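In what follows, a single structure is set out as C-alpha cells and then discussed.
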Amino acid sequence: MTQARDEIKIGGLGASRKRVEDNRFIRGRGRYVDDIVLPRMLHMEILRSPLAHARITSIDVSKAWAIPGVRLVLTGEMMASRNLAWMPTLSYDTQAVLATDKVRFQGQEVACVVADDPYIAKDACEAIVVEYEPLPAIVNPQQAMAEGAPLIRDDKENQHDNVVFNWEVGDSDGTDRAFAQADLVSTLELHYPRSHPSPIECCGSIADFDRSTSKLTVYMTTQAPHIIRAAVALVAELPEHMIRIVSPDLGGGFGNKVPVYPGYVMSILASILLERPVKWIEDKTGNLISTGFGRDIYLRGEMALRQDGKILGVRMHTDSDHGAFFSDAQPSKFKIGLMHSTFACYDIPAAHLTARGVYTNKAPGGVAYRCSFRVTEAMFFQERMMQAAADDLGIDQAEFRRRNFVRDDDFPHRTPFGFLTDSGQYGKCLDVGLQAIGYQEFLKEKEEAKKQGRLLGIGISTMTEPLGAGNSREYDILGIKMFDSAELRVHMTGKAILRTGAKTQGQGHETTWAQIVAHELGIPAADITVEEGDTDTAPFGMGTYASRSTPVAGAAVAMVSRKVRAKARKLAAHLLEVSEEDIEWELGRFYVRSAPDHGVTIQECAMAAYSNMPDGMEPGLENVAYYDPPNLTWPFGCYIVTVEVDPQTGVWDVLRVVAVDDCGVRINPMIVEGQIMGGLTEAYAMASMQFMTFDAQGNCVGSNYMDYLLPTAWETPGYELHEVVTPSPHHPIGAKGVGECATVGGPAAFVNAVLDAIKDTGVRNIDMPLLPDRVFEALTTGRDVSGAPPVRTDDQ
Ligand code: MCN
Ligand code: CUM
C-alpha cells in the first residue's frame with residue numbers, strides 16, 4: 001500500500017476530512033463569548049457619538065446613576081483622571097478609549113454604563129446628557145489635505161495638519177529612467193471604497209477580575225489572544241502571568257477581531273473597579289460603524305510600456321483614509337502594509353510607490369477584511385492597471401499578462417519593491433483558467449453577441465500574494481517578532497492533544513492541524529484534539545490573520561511532530577533492540593531495515609514512553625516547537641469572470657467564474673475550496689454591492705444590513721474551481737496560505753469583466769461597487785464613474 005493511500009484513511013495530508021468543529025456548530029453547541037454566563041456577572045453598554053466631529057462641552061450622568069440597577073457610569077473625564085482615556089494603537093498612534101475633549105467620528109465611544117442587565121445599561125446610556133458643539137466634518141483625503149482644513153488630531157503635540165504619514169519605497173531614479181524609455185504610458189486613477197468585514201458575530205468581552213487571586217480573566221472575541229495579553233500587561237502594567245485571555249468560538253473574524261477596541265478596555269477597567277465579571281456585547285450597528293474598517297484608499301498609477309507589451313516600470317501613489325486614529329494592525333516598519341507587494345508576479349525592472357495617509361472624521365480602520373495588510377488593494381490596483389495597459393497597447397489581456405509573468409525558472413525572484421518570491425507556475429495557472437473558461441470560444445461568442453446588441457465581457461485577474469508574515473528579521477508588531485509555536489502531547493494510549501498560538505475563527509484549524517500531525521506521525525487525525533485560544537494553555541503565537549496560520553503555526557505543527565517522532569524513534573530502537581541507525585520509518589510505524597516485518601507502531605512507542613523507556617531517558621512523549629519562517633509563502637491565484645451587461649439598465653449578471661488556485665500542497669482540499677468559495681463571494685460583494693460611505697456631515701451610511709449589503713445564496717454566482725500545485729520550497733510540508741487569495745484577487749476579475757463588456761464606450765474605469773446606476777451612467781455618458789458613490793442627503 002502506498003503512503004498516500006494510508007494517509008487518506010487516517011485523515012492525513014490531502015484528505016477532505018469533514019470539519020470536526022462542525023459537530024458542535026451545526027448542533028447549536030458552539031460556545032461564543034455571549035454564551036458564557038458567570039456568577040455575579042454585570043452588563044456594559046456604550047454610549048456613542050451621534051456626530052462625526054464636535055467639541056464636548058458637557059456630560060451630565062446624574063440621571064443615569066439614578067436608575068436602579070446601575071453600578072457604574074464611566075466618562076472620558078473619569079478615565080483621564082486615571083490616565084486611561086487614551087490607549088496606544090498597533091501603529092504607534094494613540095486612540096481615545098472614551099472621548100474627552102472632542103468626538104472625532106460618528107459612533108465614537110463617549111461613555112459607558114455597567115448595570116445588572118443589558119437593558120438597564122442601555123436605558124441608562126440614553127439618560128446621559130451630552131452637549132456637543134459641532135465642528136466641520138472631514139470625510140475624505142481631499143478635504144483632509146485642503147488648505148485651512150480643521151485639525152482633527154489637535155490632541156497631539158506637533159500635529160499641525162491631518163497627515164498621518166508620508167512613506168515611499170522602491171527605486172525613484174530607476175523608475176524615472178524606465179518612463180523616459182517608454183513607448184507608451186498608461187495611467188489610471190482608482191478608488192477602493194471603505195468596506196467592513198462584518199462577521200456575523202459582533203465583538204464582545206467578559207472581563208473577570210478576581211481580587212482574591214489577583215487574576216484577570218478576559219473572554220473576548222480576538223484573533224490574537226497572546227498579543228492582547230501582552231498589550232494588557234504592558235499598557236495596564238498588570239503582571240503577565242496574572243492575565244488570562246480566552247478567545248472561545250468565534251462567529252467569523254475576517255480581520256474585524258484583530259484590533260483592540262475601547263469596549264474591551266472598558267469592560268476590563270469596570271471589572272477591576274467593581275470586582276465582578278463585566279460582559280460587553282456589541283450590537284450590529286455598533287460593530288458596523290465603529291470597528292476596524294478596510295480599504296478606503298485612492299490610487300494614481302502609471303505604467304511605462306514598450307510597444308511589444310513589455311512593462312518597463314510602474315509608478316504608484318496612494319492616499320489612504322485612516323479615520324480619526326491610526327490603528328492599522330500591520331508589521332511596524334511599513335506604513336501602508338504590504339501594498340508594495342504589488343506587481344510581484346510580473347517581471348518589472350523598476351517601480352516606485354509613494355503613500356500618504358490622512359486622518360478623517362471616520363472610524364479608524366485601514367487593514368482589516370481578508371487582506372494580508374493592504375494586499376487586497378495592492379492586487380486590485382495591479383490587475384486593474386494591467387487590463388487598462390493591455391487595452392491601451394491593443395494587446396490581448398491574457399497574452400499581455402503572460403508576456404510579463406515571472407517565468408517558472410526565474411525563481412528565486414526579487415520583486416521591484418524588494419520582496420523575494422520563491423516559487424510558482426504562473427503561466428500554467430493562466431492556461432488552466434483560459435482552458436476552463438473556453439477563452440477563444442468566448443471571444444467569438446462575444447463578437448456574435450455584439451451584433452445583436454448584447455454586451456458580453458471577460459475579466460482576468462492574476463496575482464501572487466505574500467502570506468505568512470513573517471520572518472523575524474523583517475517583521476514585528478510593536479517590536480514583537482512575528483513567529484508562532486505549537487505544543488504536542490502524546491498520551492500513553494497514542495492519542496494526543498495539540499495546541500498552537502493561532503486562533504481559528506471558522507477556518508477549520510481543529511481539523512487541519514490534526515491532519516498535519518497525522519501526516520508526520522501516523523496517528524489518526526480522529527485521535528488528536530486541537531486546542532487554541534487560551535493563553536494559559538496555548539503556547540505563544542501572533543494569532544490568525546494575514547493567512548499566516550498555515551505558513552507559520554502550521555509549520556510549527558509539522559516541526560513539533562518531527563521532534564516527537566525523533567524521540568519515538570529512540571523508543572522504537574529500545575523496543576526493537578536495535579540501534580537507531582538501523583530503523584526506518586513509514587507512516588505510523590518504525591521497522592528494522594533488514595527485517596521489515598519486525599516493527600513497532602507509533603502507539604506502541606507512546607506506551608513505552610510512559611511504561612518502558614530505556615535507562616536514562618526522560619519519560620513522556622511531548623514537545624514544543626517555535627517556528628520562525630525563512631520567507632513568506634507566495635500562493636498564486638488566477639480568477640476569470642464572464643458577465644453580460646444589460647445596456648438598458650446597467651444591471652450585470654455573472655455568467656461564469658473560474659478560479660485556479662495554487663496554494664502549494666493542500667492539507668484539506670475541501671476546506672481549501674471552502675476558503676476559496678467564501679473569498680470569491682466577498683470579492684463579488686465588493687465588486688457589485690458592498691461599500692461604506694459617509695455623507696457631508698460624516699454620517700456613516702452602512703450602519704445596518706439594509707444599507708450595507710451582503711450577498712445571500714440567491715445573488716451568489718456559482719464557482720468552478722481548479723488547482724495547480726507548486727509546493728513552497730521552505731515550508732516543511734510545502735503548503736502556502738490560502739485564506740484570503742480569492743478575496744484579494746477576485747474583485748479585479750469582476751470589475752475587469754464589466755469594463756470589458758462596455759469597452760466600446762471608451763469608459764476606462766468605474767469605481768467599486770459597480771452598482772447598476774453607476775454602470776448605466778458610464779454607458780450613457782461614455783465617461784468614467786469615479787470615487788465613493790455619492791450619498792443623497794435630504795438636509796444638505
Ligand atoms: N489550508 C489547507 N491547505 C493549504 C492552506 C490552507 O488545507 N495549503 C487550510 C488551513 O489549514 C486552514 C484554512 O485552510 O484550515 C485556512 O488556512 P490559512 O490560509 O493558513 O489561513 P488562516 O488559517 O491564517 O486564516 C486566516 C484567513 C484570514 S486572514 C481571514 S481574514 C479569513 C480567512 O482566513 N477569515 C475567515 N478565512 C475565513 N474563513 C472563515 N470561515 N471565517 C473567517 O473569519
Ligand atoms: Cu486583514 S483580515 Mo485577516 O488578515 O484576519
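Both counts, for ligands and for their atoms, begin at 1 and track the order of listing. Remember, it's a predicted structure, so these values are computed and weren't measured experimentally.
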Practice prompt. Using a strict cut-off of under 4.0 Å between a residue heavy atom and any atom of ligand 1, list the qualifying protein residues by chain and number.
Written response: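 Within 4.0 Å of ligand 1, protein side: G252, G253, F254, G255, R370, Q505, G506, Q507, G508, H509, T512, W513, T544, Y545, A546, S547, R548, S549, T550, P551, C663, V665, R666, I667, N668, I671, V672, Q675, A735, K736, G737, V738, G739, E740.
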Contacting atoms of ligand 2, where contact means under 4.0 angstrom from a heavy atom of [X]:
X    : value
Q223 : 5 (O)
A546 : 3 (Mo), 4 (O)
Y369 : 1 (Cu), 2 (S)

Worksheet item: Which is it for F373 and ligand 2 at heavy atoms under 4.0 Å: side chain, backbone, both or neither?
Response: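 It is neither part, as no heavy atom is under 4.0 Å.
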Worksheet item: Do any heavy atoms of E740 fall under 4.0 Å from ligand 2?
Response: yes
Discussion item. I want to know if ligand 2 touches V258 in the polar sense, i.e. an N/O pair below 3.5 angstrom.
Written reply: no
Worksheet item: Can you find an N/O atom of S547 closer than 3.5 Å to an N/O atom of ligand 2?
Response: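 Between S547 and ligand 2 (N or O atoms, distance only) the closest approach is not under 3.5 Å.
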Item to complete: Output yes when a side-chain donor or acceptor of S461 lies under 3.5 Å from a complementary backbone atom of G745, and no otherwise.
Response: yes
Discussion item. With a 3.5 Å distance limit and no angle check, can you tell me whether D249 reaches the backbone of R31 through a side-chain donor-acceptor pair?
Written reply: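 Side chain of D249 to backbone of R31: a pair is present.
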Worksheet entry | Candidate list R295, Q690, R194, test side chain to side chain donor-acceptor pair (under 3.5 Å), partner Y369, passing option | Q690
Worksheet item: Is the distance between the ring centroids of F254 and F293 under 6.0 Å?
Response: no
